[in-house]
There are 2 protein chains.
Amino acid sequence: MKEGPDIALLGALIGDPARANMLTSLMSGKALTASELAAEAGITPATASVHLKKLLAAALLRQRKQGRHRYFALADDEVGSLLETLMGLAAKRGMLRTRTGPKDPALRKARVCYNHLAGDLGVSLYEGLITTGHLREDDDEVTLTVAGQASMEQFGIDVGALQSGRRALCKSCLDWSSRRTHLAGALGTALLGRFYDLGWAKRQEGSRVITFSGSGEKKLLEQFAA
Amino acid sequence: MKEGPDIALLGALIGDPARANMLTSLMSGKALTASELAAEAGITPATASVHLKKLLAAALLRQRKQGRHRYFALADDEVGSLLETLMGLAAKRGMLRTRTGPKDPALRKARVCYNHLAGDLGVSLYEGLITTGHLREDDDEVTLTVAGQASMEQFGIDVGALQSGRRALCKSCLDWSSRRTHLAGALGTALLGRFYDLGWAKRQEGSRVITFSGSGEKKLLEQFAA
DNA sequence: TTAATGCTTCGTCTATGGTCAAACTATGAA
DNA sequence: TTCATAGTTTGACCATAGACGAAGCATTAA
């Protein structure tokens, strides 16, 4: 038996349905209160409190006190990517949650995946960037080409600043609704932010759905998926 | 509650210590038998069997039957990367396993697998026989060529007698230490027997380790892996 | 102060699921 | 054939941990 990191601890943490629901809800990047998370998981506040305590202890979540509320959010991007990886694999294996709820086609079209664009539009964006030569895919590695960098700068994204950070510039992320890949990483986040700034899209309150205006969607496809 | 992939299922699967140990052991890419995995996890074969069944059902592992053994390996690279992500995060969070155990490098070099030679030397032998045209591989079928038969006769092996038996003359066998194939079947057994007879190697008492003399190893490689 | 809300802690209950021994099946060797 | 080894299945046992209600803090508003 070798020594090494204990993945069982992490797995068990994610392996409880209530906690998994909480984590999934937090993948939008938005911070939620303890009560909201309890409702999201379908448990009483008392039980939720126990779960949140464990998630905090493992540093999967961070907490911010604000008045009588406690807001919880994913601890960092790494936790987000781990959850994304898990969802991708679960989707491929056909492991779907059975609990029914409002079926949401909007969620399938465009939503935040942690903090970048996912859904059909996210996939279109990604594939458009590939075919137009802005991105290159080699063996699961995704890189921004010179032409792509120029195009991004022109679109109002400071690629140099993004590259200087610790975070990977480009990363592919498996989309669970369409089972195809979309763009994650610092660039993915920056692009989504720019879409907000330009008024092309905005996030629906308390949901992971992103609503694009008619013209916004059109411009997005023209610009990147032509 | 939204619909989506069920990451709790995956998490719970990885969250059990015994299963986590098995998965971690398989991260080298090597295939291991059910018994070996049981030992790795520190549980009885019965319990291991239950766990392996679950991991197979979730398509986290794939299985290859080989004689009395069942070799298990990670299903694909995606499972591997998920585990790596988990280990990375666990390491960063300071979640470390403490259990330690011995690992035998001699076992890795040369050992008996049933009655034939396995380990690095076994793999070298097999690959040498292929490249020198003594063996031919077609779609998991392994056959001795005419040139190979002559060479074996010259080496002191009565191929005709082996062929008359019920047992298959040549068979490939997956090597767990290098995850490559080596030679099994009647010919594999006969070759190992000849190595013993010639004094090139002998079997260590009460162990699966085979010790080759310096000259024996050299002659083996000269003869078959030149 | 009092009341209301948000959340946590405590005590208890319960069920899920991991564990093993023993019996059984399957494959190979003698 | 008979024996040995590898692995699975079954059934019983039991520990873990997730669930809730009630009570206890903490913060805000009046």
Side-chain angles (χ1 to χ4, degrees), chain A residues 8-23 31-58 61 63-72, chain B residues 8-23 31-58 61 63-72 111-116 118 162 165-169 171 173-174 176 184-190 192-193 203 206-208:
Chain A
L9 239 57
L10 270 183
L13 236 30
I14 301 171
D16 176 75
R19 286 192 294 260
N21 282 332
M22 291 176 167
L23 290 168
L32 298 176
T33 66
S35 319
E36 287 170 330
L37 286 169
E40 202 57 52
I43 52 180
T44 63
T47 309
S49 181
V50 177
H51 287 311
L52 290 169
K53 194 176 173 186
K54 291 181 183 174
L55 291 172
L56 279 177
L61 296 185
Q63 185 192 37
R64 198 181 58 215
K65 290 178 71 167
Q66 190 153 303
R68 301 192 264 200
H69 296 279
R70 308 227 166 158
Y71 284 91
F72 294 87
Chain B
L9 237 56
L10 269 183
L13 235 29
I14 301 171
D16 176 74
R19 285 192 293 260
N21 281 333
M22 291 177 166
L23 290 169
L32 298 177
T33 66
S35 319
E36 286 169 333
L37 286 168
E40 281 293 330
I43 53 181
T44 62
T47 308
S49 181
V50 177
H51 288 310
L52 290 169
K53 196 176 171 186
K54 290 181 184 177
L55 292 172
L56 278 177
L61 296 185
Q63 185 193 36
R64 177 173 162 181
K65 290 179 69 168
Q66 189 146 299
R68 303 193 264 201
H69 295 282
R70 308 227 165 156
Y71 281 90
F72 294 86
R111 65 179 179 279
V112 285
C113 176
Y114 310 129
N115 274 325
H116 57 264
L162 295 180
R166 267 182 308 112
R167 196 169 162 206
L169 183 65
K171 245 172 61 181
C173 177
L174 188 63
W176 60 259
L187 182 60
T189 305
L192 180 56
R203 173 130 181 225
S207 156
R208 295 167 61 200

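Side chains are part of it too, since the values below use all heavy atoms of this structure and drop only hydrogens, waters and symmetry mates. All chains are named by letter (A, B, ...) in the order of the sequence lines, taking the proteins before the strands, and each is independently numbered beginning at 1.
- By the 6.0 Å and 45° rule, A:Arg64 stacks over the aromatic ring of A:Tyr71.
- Set against C:dG6, C:dT8, D:dA6, the side chain of B:His69 has D:dA6 as its closest nucleotide.
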Protein heavy-atom contacts under 4.0 Å, written 5' to 3' over nucleotides 13-30 of chain D as B (base), S (sugar-phosphate only) or - (none), form the string -----SSBBB----BB--
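- A donor-acceptor pair under 3.5 Å is absent between the side-chain atoms of B:Arg19 and the main chain of A:Ala8, judged by distance alone.
- By the side chain to side chain contact (heavy atoms under 4.5 Å, CB included) test, B:Leu52 pairs with B:Met22, B:Ala34, B:Leu37, B:Leu61, B:Phe72, sequence neighbours left out.
- Here A:Lys53 pairs with nothing under the side chain to side chain contact (heavy atoms under 4.5 Å, CB included) rule; sequence neighbours left out.
- With rounding to whole Å, A:Glu36 atom CD is found 16 Å from C:dT5 atom P.
- Atom pair A:Phe72:CZ and C:dG6:P shows a separation of 14 Å (rounding to whole Å applied).
- A:Ser49 meets the side chain to side chain contact (heavy atoms under 4.5 Å, CB included) test with no other residue; sequence neighbours excluded.
- Between B:Ile14 atom CD1 and C:dG17 atom C1' the separation is 17 Å, expressed in whole Å.
- Applying the side chain to side chain contact (heavy atoms under 4.5 Å, CB included) criterion to B:Ala18, with sequence neighbours excluded, gives B:Asp16, B:Ala41, B:Ile43, B:His51.
- For B:Asn21 and C:dG18, the CG to P distance is 14 Å, given to the nearest whole Å.
- Counting to the nearest Å, the P atom of C:dT8 and the CD atom of A:Gln63 are 7 Å from each other.
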